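Only one structure is covered here, and it is reproduced in the block below.
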Amino acid sequence: MLRRSSLVLWALALALTALPYAISLTMEGSGFIAMSMAATCPGFELHSDVSMALLPLYVVPEPLIALVGFGLWLLLVRKGRPRWGRAAGWLAAVGVTWPTLLKLGFAAVDLVGDEGCRQTWAPFFRGAMSITWTAGDALALALILVAVRVRRTTPEAGSPVRRGPSSPCSSLWACRPGTVSWGR
């Protein structure tokens, strides 16, 4: 069932993913940071290698991924496939936040290392803007995951369907010897 709260959460997530692109349009010039530490920090080296291998995925903008995920989710929920819609939403959430998750994961590997490895990651996490983008990605991930949750339906009060640990016990109690008539 489609809920208004899910649509609002998707709209907020789409706005959050589009915000960095809207801000980058107002900034002058563009910058690219390239760093290399020759096998000194394993997490940073893994991040560099994986980022280069996944370079084509950086071309796809996150708002487009979120929009396609929203469209798939909406289509599947309206067609009566909420679980498939939830899976599409999960994929969209990972697709929107994978660069941040990748960076945080490999930075965590180097946090257990020496001070030099911590300093290698400092430019990526220094300043209010970097923290804001990371928090924005985490918030977009959370909004999408909450938006695609499947509402559980509860059986009606008089329904014969019983759930929980009391069902087997009550059926055994009802079938105890002396209480069941076997057609005699």
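Computed from a predicted structure; not experimentally measured.
Each of Val109 and Leu104 belongs to its own hydrophobic cluster when Ile, Leu, Val, Met, Phe, Trp and Tyr are linked at side-chain heavy-atom distances under 4.5 angstrom. Leu72 and Leu64 end up in the same hydrophobic cluster when Ile, Leu, Val, Met, Phe, Trp and Tyr side chains are linked at under 4.5 Å. The cluster map of Ile, Leu, Val, Met, Phe, Trp and Tyr, joined by side-chain heavy atoms under 4.5 Å apart, puts Val68 and Val96 in the same cluster. Side-chain heavy atoms closer than 4.5 Å link hydrophobic residues (I, L, V, M, F, W, Y) into clusters, and following such links, possibly through other members, connects Phe44 to Leu102. Hydrophobic clustering (ILVMFWY, side-chain heavy atoms < 4.5 Å, transitive): Leu139 and Val8 are in one cluster.
Here the closest non-hydrogen pair linking Leu9 and Val146 is CD1-CG1, 3.5 Å. Residues Gly136 and Leu16 come closest through the heavy atom pair O-CD1, 4.0 Å. The heavy-atom pair separating Pro63 from Ala18 by the smallest distance is CG-CA, 3.7 Å. Taking all atoms of both residues into account, the shortest heavy-atom contact from Ala66 to Thr17 is CB-OG1, 4.0 Å. When all heavy atoms of Ala140 and Ala13 are compared, the pair lying nearest together is O-CB, 4.1 Å. Across Trp73 and Ala147, no two heavy atoms sit closer than the pair CZ2-O, 3.8 Å.
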Worked verdict on Leu7 versus Leu74 for side-chain contact (heavy atoms from CB on, under 4.5 Å) | CA-CA 9 Å; Leu7 295 176; Leu74 187 64; 4.3 Å; yes

Begin with the C-alpha distance, continue with both residues' side-chain angles, and end with the deciding distance and a verdict on side-chain contact (heavy atoms from CB on, under 4.5 Å) for Phe70 and Ile144.
-> CA-CA 9 Å; Phe70 169 70; Ile144 293 172; over 6 Å; no

Going through the checks in order, is the side-chain contact (heavy atoms from CB on, under 4.5 Å) test met by Val50 and Phe106?
-> CA-CA 10 Å; Val50 170; Phe106 287 128; 4.0 Å; yes

Arg149/Ser5 under side-chain contact (heavy atoms from CB on, under 4.5 Å): CA gap, chis, key distance, verdict = CA-CA 11 Å; Arg149 72 189 185 283; Ser5 62; 4.3 Å; yes

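Atoms OG1 and CG, on Thr100 and Leu141 in that order, are 9.5 Å from each other to the nearest 0.5 Å. Distance check, rounded to the nearest 0.5 Å: CG of Asp110 to NE2 of His47 gives 10.5 Å. The distance from atom CZ of Arg86 to atom CG of Leu145, rounded to the nearest 0.5 Å, is 11.0 Å.
In this structure the side chain of Leu67 reaches within 4.5 angstrom of the side chain of Leu14, judged on heavy atoms.
In Trp84, the CH2 atom is not crowded: 12 or fewer heavy atoms of neighbouring residues, nucleotides or ligands sit closer than 6.0 Å.
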